[in-house]
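The figures here come from the full heavy-atom set of this structure, side chains too, leaving out hydrogens, waters and symmetry mates. Remember, it's 1-based here, ligands and their atoms both numbered in the order they're listed.
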Amino acid sequence: MEIEELAGAYDYPEDSPWLRANMIATLDGAIQYKGNTGAIGYETDWLLMQELRKRADVVIMGASTVREYDEFPSATPLVVVSRSLDLDFDGKVFAGARSRPIVVTCAAAPAERLRAAGERAEVLVCGDRSADVGLMLETLAQRGLRRMLCEGGPTLLAEVAAAGWLHELCLTMSPMVVAGTAKRILDGPVIDIQRMKLRHTVQDGDYLFLRYQVER
Ligand SMILES: NC(=O)c1ccc[n+]([C@@H]2O[C@H](COP(=O)([O-])OP(=O)(O)OC[C@H]3O[C@@H](n4cnc5c(N)ncnc54)[C@H](OP(=O)(O)O)[C@@H]3O)[C@@H](O)[C@H]2O)c1
């Protein structure tokens, strides 16, 4: 499938702020195989991720996911949520960023790491013991960063949903079963059922691109 054709089906809705999550899972619900998320993906899914980044005002990730990246070459600013701030601020993700990243943390973050973060990123302190994800998303929206793309991981995405901000879920179904103990795409305390409406299904060989939205 041509990526332009696929990506054309992912315009943001007019009403905003709007948070879209983009995730991939196997048929049995695993987010990775033996700790490797790339093992369940393929090129078109990777290309779609790049296209979705272009359409967003901001890309939001949890620190564990960011720690697995060598770089973040997108021009869209990256928002990283972290309490420990155990992030490589001199690595390419931060030092080589095309737009200044935003680090969202809490008052309990180590002071020395806060200083290191401030040299490479804008730092937003949103909460005491951990970052208040709802407050973070409201703050971003108030700044005009209204088309949001959350790329997980599962811990952060569960918090986004718990805060009532999961407006859209783009899910790539990878045609594999892997069993094991890999996480699901949301990993957190149970929340009230959030029913979603299927906006589209695009088939590419054995892969399926599903787009679900909350009913407003
Ligand atoms: N299949 C997929 O589509 C997909 C997508 C994304 C990620 N993944 C995989 O998921 C795995 C990571 O999963 P994960 O659930 O551990 O990752 P995650 O959500 O990316 O990161 C969790 C970390 O984010 C920070 N964090 C989250 N909520 C916070 C809050 N409210 N306040 C402060 N800090 C907060 C903490 O960082 P600190 O530890 O720094 O305090 C926490 O340890 C990776 O292996 C990645 O490859 C898969």
Is the count of non-hydrogen atoms from other residues, nucleotides or ligands lying under 6.0 Å from Arg184 atom CZ greater than 12?
-> no
Short question: side chain of Thr172, backbone of Phe209 - any donor-acceptor pair under 3.5 Å?
-> no
Taking any residue with a non-hydrogen atom under 4.0 angstrom from an atom of ligand 1, which ones do you get?
-> Met23, Ile24, Ile31, Gln32, Thr37, Gly62, Ala63, Ser64, Thr65, Arg67, Glu68, Val81, Ser82, Arg83, Ser84, Ser130, Ala131, Val133, Glu151, Gly152, Gly153, Pro154, Thr155, Leu156, Glu159, Lys183
Ser16-Arg146 side chain donor-acceptor pair, cut-off 3.5 Å | yes
Those residues at least two apart in sequence (or on a different chain) that pass ring pair (Phe, Tyr, Trp, His ring centres under 6.0 Å) with Tyr10 are His200
Residue Asp206 excluded, over 12 heavy atoms near CG under 6.0 Å = no
Determine the interplanar angle of the Tyr69 and Phe72 rings, folded into 0 to 90°, and report it as parallel if under 30°, tilted if 30 to 60°, perpendicular if over 60°.
-> perpendicular
